[in-house]
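First comes the structure, then the notes that go with it.
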Amino acid sequence: MSSSSPAGEPLAERYEAAKFESGAYRRWEEAGYFAPRGDGPPFCIVIPPPNVTGSLHMGHAFQDTVMDALTRYRRMRGDCALWQPGVDHAGIATQMVVERQLEAEGLSRRELGREEFVRRVWAWKESSGGRIGAQLRRLGASADFSRDCFTLDEARSRAVREVFVRLHEEGLIYRGKRLVNWDPVLQTALSDLEVVSSEEEGRLWRLRYPLADGGGAVEVDTTRPETMLGDTGVAVHPNDERYRKLIGRMARLPLVGREIPIVADEAVDPEFGTGCVKVTPAHDFTDHEIGKRHQLAAINILTPRAFLNDSVPRPFAGLERFAARKAVAQALKDEGALIGVRKHRHAVPRGDRSQAVLEPLLTDQWFVRAAPLAEPAIAAVEDGRVRFVPENWAATYFEWMRNIEDWCISRQLWWGHRIPAWHGPGRAVFVGRSEAEVRRKHSLGQDFALRRDDDVLDTWFSSALWPFSTLGWPERTRELERFYPGSVLVTGFDILFFWVARMIMMGLRFMGDVPFKEVYVHGLIRDHEGQKMSKSKGNVIDPLDLIDGVDLDTLAAKRTSGLMQPQLAPGIERATREQFPKGIPAFGADAVRLSFAALASTGQDIRYDLERTAGCRNFCTKLWNAARFVFMQQDSEEPEGPPGAPGALAQEQEPDPSAASIANRWIVSRLGRALDAAGKALDGYRLDLASRAMYDFVWREYCDWYLELAKRILADGEPRASAATRRTLARVLEAVLRGLHPIMPFITEALWQRAAALTGAAGESVMIADWPLSSEFPRDEQAEAEIEWLQGFVLGIRQIRGELDLPPGRKLKVLAQGANNRDRARMESLAGLLRPLAGIGELSELAEHAEPPPSASALHGGMRLLTPLAGIIDPAAERTRLEKLLAQAQKVLQATERKLANPQFLAKAPPQVVQGARDRHAAVVRDLERLAEQIRRLKAMQAE
RNA sequence: AGGCGCGUAGCUCAGGGGUUAGAGCACUUGCUUGACAUGCAAGGGGUCGGUGGUUCAAUUCCACUCGCGCCUACCA
């Protein structure tokens, strides 16, 4: 390739993603292509904001690929597309990271003080916060980074304050002392959603509480004996005959001596244990309800760190909860109040971040009254204003929303939106956008002491506002006007409740409309064994390592550093070295994206296997090389009439413009079908199907067949046919690049300029070109039929060659017997393509009734294609081959015969189905005869 | 306990009431074919979890069943 290509430098011989990806991205960003443009219909995706101090994992990369593909597709379809980026402050997660850093310095946040601590978190955010954006850029994300947002920036904070104040004014936010899930390690309340319960091996203690008036005792079971110190009642089921007499009597609490009533309550399951339940209203959710129904006191026995407080008898006060458990059990045993202990599997609630066992604890917290917000949010999904894809997720949404509980939004943390409430003397609380507003509104003088609430809001509170806060709310911005509601939310099912539900509630409340019209729910990325990817399992892969590659040592070091449990390191290291003996090669962003897109089916789990990405990288190489071929053909076009060559070729073979025309029309028609399928798939969020349609077209049709056909046409040198073929090569390539661009932005950009120059479609960038519509590539049934015939012919001969191990270079002599007029015409018109593709040296016709020479044979429609054996073919091997075909044909014969023998089938099946079966039957009968005949001949030969 | 989903080739997954059920990877054989060995050509491999029903026709729809997974709520 000496001459330069249309776009300047010659195309590199090898596909090397690293050579062009970052350059292409920089050009897009500098050109401002990511900003919404044009006056097309708005299309908007708001990113689910990743944690600002984290980095993107495979799940993010997958999700971002989906969002980017959709955004790029809609942009190319002419929509005014906005992909709104941003990051989340991730309250607990981030605070924990910084606290751990402090720990390493031997400091605690309390020593540092709130102000200084928050300053440290901001500093950490500044130093690590750019990582997400950098990763997104390497992935090719076409998000409008000029609009980057942060949940804790000033504009978003303002939205949070505004919403809080308004909800409070409307009575939808309240403060109260309620039983909440308390994390004794992080020392904060959590919402129900942040509790992860899992079955654990525990123990069940059976205790005996004597009746206060003598005469027996009740027996109760508990998994947390220490809570008995806070018991204020015993409950039985009202219909439980065994205990009916006890209702209303008193029991005496061992160790404590308190007399507690025995009450009747429906919540008790008479089947479980003894059917008697100890009631600890301050430390159990069910008991709390029972206590309220029967006016039982709620005695809090725990400190925020889950040590026993002074409400319990002296020997136990001050004990840590698990030590207290032992001590209480022992004391009960000593007193004869412990009847027994047995193993017991039960669900233990833990904090999703700290993994600490949670305690229900009575504390003052802020809550959102959820039911009134849920009602319109349920309606919005019911009436289709929000549509889930796949639809069945709506059921999950409804189930949760219809049983929604109030949402605890206050957190005893320092990193987050501080609650806009001020405490006065006593229990007076004032809510307002600022202290000044509070003073003004409530006419409080400057001397009236106000102290701002210490708590911050749940991170998800600000996330719930994200669909409109990122567009400028509470200002009435143009963006809000234009892009709200968003088009689609792309998210994992794991945060359906955290996010989707709450965004719909808040959107409806504050914007009067849903936040997005569709929710595309994707699966979660797991490793190739179906294991969840996690640092502690040591199976995480950094998406950037797939793009850029990573050597084994670096990978192993990465996986084993910063582990919460350092003792896991050796095992992780071993597994890593075993799985990736050579590290990970650089696949490039497009291969990574394509593999994600291909995996984006509708299930819950997505098993990620590196081999899949390797296959996609191969596809990139294939596309690259195909493009090189196309460009090469254009480059090699000689000026006009080089002496000698065309004439010489013309002598050998009649140039055949019609064959060229058929091939060209065929590939255009096939492209139209592929684009049709890909477009429909993208419209329905089926990136897997879209990828496959394009992949198959490029590899299996364009490369495998069309390029080979084109080579023959160009080799023939007929000027008009060659010119048309060069045009078609380029035109199809150019359209393919546009079609693939949403999924593979980089390679398509790298190749498109040159391709576009050849077709006269040049523009600044493929990313702002039009997505190719299938209507531009008309179906041509006739051309498709012709090429299908040609493929059948070629495959027949290749099968003989392949299975009989004939060398590819060996030209075969082929006799066609039983040709009809159409076969004859096609053999004539397509000979120039047929012969080289099938490796035929000499093609001639044999009269229907002529006795053929000993041959290997293939059936093609009504024809027998015969390759005379002439000592080059093993008759035994050929016979085996045909017998296999015979057996296959017999199976088909049986199936069709069974059908046609059924009068019901003939009477009730649609006529075209019946006709199809008849045609098929006739064809297979014909094939069987011919196979049998051919086998007979081979037998006869072998007998000789 | 309730809800949802899955079970198709050795593995990971598409598919869909009607020819002989597909792909990628893996496997076998043959190939330095003028874009590509990250490749080309040919091939092997599936009673579509089981049972029953609807239907002219079921791998596809329905019921039940077995196995697996997830979510929600939990019995102390």
Side-chain angles (χ1 to χ4, degrees), chain A residues 13-15 192 197 204 220-224 227 235 267-269 271-280 284-287 344 346-347 390 392-393 395-396 398-400 403 493-494 496-497 524 528 530 585 587 591 595 598-599 601-609 611-612 614-633 686 688-689 692 695-696 700 703-704 707-708 711 715 795 798-809 836 839 888-889 891-892 895-896 899 902-910 912-914 916-917 919-921 923-924:
Chain A
E13 271 192 47
R14 288 172 61 89
Y15 165 71
D192 301 346
S197 289
L204 192 64
V220 295
D221 287 331
T222 181
T223 54
R224 295 179 296 161
T227 61
V268 179
D269 176 8
E271 305 294 317
F272 186 88
T274 61
C276 293
V277 185
K278 63 192 269 307
V279 182
T280 325
D284 184 280
F285 290 98
T286 312
D287 292 6
H344 179 59
H346 65 121
N392 52 288
W393 287 109
T396 307
F398 286 136
E399 191 175 311
W400 189 70
N403 299 297
F493 59 82
D494 54 329
L496 219 52
F497 308 137
L524 265 33
H528 67 289
F587 293 123
S595 58
L599 290 166
S601 63
T602 56
Q604 294 200 350
D605 291 341
I606 297 165
R607 292 193 187 206
Y608 177 81
D609 192 338
E611 291 307 317
R612 189 78 186 232
C616 292
R617 188 265 330 266
N618 295 352
F619 176 75
C620 292
T621 305
K622 189 77 182 173
L623 180 62
W624 186 266
N625 285 317
R628 276 181 59 220
F629 172 76
V630 173
F631 300 149
M632 244 179 235
Q633 298 315 309
R686 289 301 302 269
D688 57 331
L689 300 182
R692 188 124 80 94
Y695 181 105
D696 286 346
R700 309 269 76 109
C703 291
D704 285 355
L707 258 47
E708 297 305 318
K711 283 177 192 171
L795 289 173
R798 281 185 188 166
Q799 272 164 2
I800 294 174
R801 188 190 294 279
E803 291 195 51
L804 301 181
D805 279 344
L806 303 180
Q888 277 170 13
K891 262 197 266 176
V892 178
T896 50
K899 258 188 196 173
N902 181 352
Q904 299 277 34
F905 173 71
L906 300 176
K908 295 196 180 171
Q912 68 272 24
V913 172
V914 175
D919 292 348
R920 200 169 146 54
H921 182 260
V924 78

If you restrict it to nitrogen or oxygen atoms, what contacts under 3.5 Å exist between nucleotides 9-11 of chain B and the protein, and what is each distance?
none

Give every pair of a protein N or O atom and an N or O atom of nucleotides 19-21 of chain B that lie under 3.5 Å apart, one pair per line with the distance.
{"residue": "B:U19", "atom": "O3'", "partner": "A:Arg920", "partner atom": "NE", "Å": "2.6"}
{"residue": "B:U19", "atom": "O3'", "partner": "A:Arg920", "partner atom": "NH2", "Å": "3.1"}
{"residue": "B:U19", "atom": "O2'", "partner": "A:Arg920", "partner atom": "NE", "Å": "2.7"}
{"residue": "B:U19", "atom": "O2'", "partner": "A:Arg920", "partner atom": "NH1", "Å": "2.5"}
{"residue": "B:U19", "atom": "O2'", "partner": "A:Arg920", "partner atom": "NH2", "Å": "2.9"}
{"residue": "B:U19", "atom": "O2", "partner": "A:Arg920", "partner atom": "NH1", "Å": "3.4"}
{"residue": "B:U20", "atom": "OP1", "partner": "A:Arg920", "partner atom": "NE", "Å": "3.3"}
{"residue": "B:U20", "atom": "OP1", "partner": "A:Arg920", "partner atom": "NH2", "Å": "3.0"}

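Taking only side-chain atoms of A:Arg798, from C-beta outward, the nucleotide of B:G18, B:A35, B:A41 with the closest atom is B:A41. In the set B:C74, B:A35, B:A14, B:A14 carries the atom at the smallest distance from any side-chain atom of A:Arg686.
Comparing the P positions of B:G15 and B:C56 gives an interatomic distance of 28 Å, to the nearest angstrom. The same atom, C1', is picked in B:G67 and in B:C31; the two are 46 Å apart, to the nearest Å.
We find that CG of A:Asp605 is positioned 13 Å from C1' of B:C4, with the value rounded to whole Å. In this structure, the CD atom of A:Glu399 is 6 Å from the C1' atom of B:G2, given to the nearest Å.
A donor N or O paired with an acceptor N or O is not found under 3.5 Å between the base of B:A57 and the side-chain atoms of A:Lys908.
Nucleic acid contact class of A:Ala907 (heavy atoms, under 4.0 Å, all strands): none.
A cation-pi arrangement is present between A:Lys711 and A:Phe629 under the rule of less than 6.0 angstrom and at most 45 degrees off the ring axis.
Taken to the nearest 0.5 Å, the CG atom of A:Asp919 stands 12.0 Å off from the CD atom of A:Gln912.
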